[in-house]
2 protein chains.
Amino acid sequence: MTSTNHPLDLLVRNLELRARLSQEDRDAILALPYTLRTLDHLTYTIREGDPPRECAVLVSGFAYRQKTTQDGARQIIALHLPGDALDFQNMYLKVSDHSVQMLTRGEVAIIAREELQELAQARPAIGHAILIKTLVEASIFREWVLNVGRRKARERMAHVLCELGSRMDALGLTQEHGYELPMTQEELADALGLTPVHVNRTLKLLEAEGLIMRTRRSIRFPDWERIREAADFNERYLHLDLQVPSSS
Amino acid sequence: MTSTNHPLDLLVRNLELRARLSQEDRDAILALPYTLRTLDHLTYTIREGDPPRECAVLVSGFAYRQKTTQDGARQIIALHLPGDALDFQNMYLKVSDHSVQMLTRGEVAIIAREELQELAQARPAIGHAILIKTLVEASIFREWVLNVGRRKARERMAHVLCELGSRMDALGLTQEHGYELPMTQEELADALGLTPVHVNRTLKLLEAEGLIMRTRRSIRFPDWERIREAADFNERYLHLDLQVPSSS
DNA sequence: CCTGTTCTCAAACATATGTTTTATTTGGAT
DNA sequence: ATCCAAATAAAACATATGTTTGAGAACAGG
């Protein structure tokens with residue numbers, strides 16, 4: 001059990017949450033050439049329309065996927081936590097169909113696209129782990145379509161708060177699902193398909209109901225089961241375990 | 001140029017729209033053992049919670065991906081056309097996080113999951129083609145998050161109508177983007193995160209604006225450019241061409 | 001420590017979309 | 001042909017969420 005400080009160690013652990021890697025696979029990932037860079041809030045990792053040349057791996061801080069409407073409305077499509085590779089969704093396509101931006105200041109390890117692709121090809125277990133990870137991301141997209149399409153503001157809000165709680169929990173970034181919310185209410189609004197003022201109303205409502213406790217950006221859930229219920233939150237879609245098929 | 005009647009030929013053509021396959025790859029796909037079955041409207045191909053054991057390939061008719069809320073609200077996540085494999089999104093995961101159902105009566109070729117996975121492993125080009133296809137599906141999920149989250153009913157409606165037009169066009173199922181809408185207004189509502197009543201209003205509105213012409217379920221666009229604009233529709237997210245990276 | 005900018009919060013008002021109900025039309029089954 | 005169930009359509013009314021505006025609080029940069 002190595003507890004290295006290698007920036008890509010987080011990526012390895014991230015992949016190993018759902019797929020099996022051999023020691024050689026791990027080492028091969030850690031041997032990838034990369035550039036470590038600190039990026040400010042709002043810095044783009046990739047922009048819609050650009051050809052993906054590299055893959056950024058989030059080492060610290062948070063990021064999000066985003067698309068905008070012709071008249072400037074922004075929709076946040078996904079949130080990313082340390083250890084997430086930000087460009088698996090793009091790097092096998094010719095041009096990016098959406099943008100990825102830093103949600104907070106943070107560090108990123110940049111890997112050349114071909115390096116990663118060659119590794120995935122040379123080591124099928126790594127390719128498979130990447131496939132699994134992209135499929136889980138797609139599952140989260142699906143849940144977001146449901147969330148934004150069919151849940152009311154209160155449930156919708158509660159749902160992303162739960163998702164963040166669960167995912168941070170899986171990384172050990174929280175105590176009892178409580179965490180520091182890494183975004184403003186305006187950004188929350190863009191993730192929920194709501195308006196900033198309605199986000200504010202809704203947070204106040206959840207607070208008044210005793211479903212959440214807030215001090216500034218810090219969120220705590222006095223009763224995790226109760227908010228799970230209120231949010232209609234079922235973590236199945238996060239596929240938070242080893243994805244070895246229950247063979248037939 | 002073989003114009004066979006093999007049911008899986010559609011799948012091959014579907015994959016070849018975006019990825020390169022060799023003649024051996026094609027043959028290997030066509031050599032897959034499969035069961036042809038005719039499924040009625042609403043038949044499930046896979047259900048949320050089930051472990052995926054097989055992959056259905058749509059041969060004729062239409063299907064959709066779907067999730068529901070605890071209190072029964074349904075959201076349609078994606079629409080599928082002939083040639084689409086319905087279970088790429090599930091078959092590498094342990095349990096399905098959503099359901100797939102027939103939108104119309106139609107035929108399906110059922111392939112055992114392991115057969116397909118083994119083929120994808122044995123022939124990297126096929127594995128790659130599958131990866132590309134799942135990534136494009138994910139791209140469509142993202143566009144739907146934007147559509148449902150940030151576009152008003154009119155644009156939202158116009159947008160799915162355009163998506164269907166474009167995708168059917170790519171299959172040669174349309175004349176000048178006009179086509180037979182394979183779903184009821186209630187199903188449309190579930191795809192749009194709207195109410196059937198409002199779907200009806202919105203269709204009437206688009207019709208009154210001269211953006212669409214309808215007779216029953218048949219849709220035509222008097223001016224494709226005009227509705228594209230009204231829909232804020234940019235087909236980039238469909239990645240309708242060969243995905244060979246513009247190498248750096 | 002000050003200062004400007006960015007966030008949060010609030011209130012009053014506007015509107016897009018939802019709800020309920022009922023009528024009409026359509027299409028598939030007998 | 002006939003009939004029943006489902007789909008479309010329409011109207012009247014309800015409400016969740018959006019819009020606009022502004023004030024106080026927090027924070028970042030000098």
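Numbered from 1 within each chain, the chains take letters A, B, ... in sequence-line order.
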Can you confirm whether or not the ring centre of His6(B) sits under 6.0 Å from the ring centre of Tyr34(B)?
yes
Check whether the ring centres of Phe62(A) and His41(A) lie less than 6.0 Å apart, and answer yes or no.
no
Please pick, from [options], the nucleotide with the shortest atom-to-atom distance to any side-chain atom of [X].
| X | options | answer |
| --- | --- | --- |
| Thr184(A) | dT17(C), dG18(D), dT8(C) | dT8(C) |
| Val197(A) | dA11(D), dT8(D), dT20(D) | dT20(D) |
| Asn200(B) | dA9(D), dA10(C), dT17(D) | dA9(D) |

Checking ring-ring contact (aromatic ring centres under 6.0 Å, His included) for the pair Tyr237(B)/His159(B): CA distance, chi angles, key distance, verdict?
CA-CA 12 Å; Tyr237(B) 76 99; His159(B) 196 278; 5.7 Å; yes
Residue whose nearest DNA chain C nucleotide is more 5′ - Arg201(A) or Lys152(A):
Arg201(A)
Of Met183(A) and Thr195(B), whose closest DNA chain C nucleotide lies nearer the 5' terminus?
Met183(A)
Looking at Arg217(B) and dG27(C), is any side-chain donor or acceptor paired with a base atom of the opposite kind under 3.5 Å?
no
Decide yes or no, distance alone: a donor-acceptor N/O pair under 3.5 angstrom between the base of dG27(C) and the side-chain of Arg216(B).
no
Could you check whether Arg154(B) gets within reach of a base, just the sugar-phosphate, or nothing at all, counting any heavy atom under 4.0 Å?
nothing
When we call it a touch if two heavy atoms are under 4.0 Å apart, what does Arg156(B) touch: a base, just sugar-phosphate, or nothing?
nothing
Side chain to side chain contact (heavy atoms under 4.5 Å, CB included) between Ser99(A) and Ile46(A), intermediate numbers included
CA-CA 5 Å; Ser99(A) 303; Ile46(A) 189 162; 5.6 Å; no
Take atom [atom1] of [X] and atom [atom2] of [N], then tell me their distance rounded to the nearest Å.
| X | N | atom1 | atom2 | result |
| --- | --- | --- | --- | --- |
| His41(B) | dG27(C) | NE2 | P | 15 Å |
| Leu203(A) | dT8(C) | CG | C1' | 10 Å |
| Leu192(B) | dG18(C) | CG | P | 10 Å |
| Asp40(B) | dA29(C) | CG | C1' | 14 Å |

Measure up the Trp224(A) and Phe233(A) rings against each other and bin them: parallel (under 30°), tilted (30 to 60°), perpendicular (over 60°).
perpendicular
Contact list for DNA chain C against residues 60-74 of chain B - heavy-atom distance below 4.0 Å:
none
Candidate pair Leu81(A) and Leu58(A), rule side chain to side chain contact (heavy atoms under 4.5 Å, CB included), full reasoning
CA-CA 7 Å; Leu81(A) 277 52; Leu58(A) 199 54; 5.7 Å; no
Check for a donor-acceptor pair, side chain of Gln66(A) on one end and backbone N or O of Gln101(A) on the other, with a separation under 3.5 Å.
no
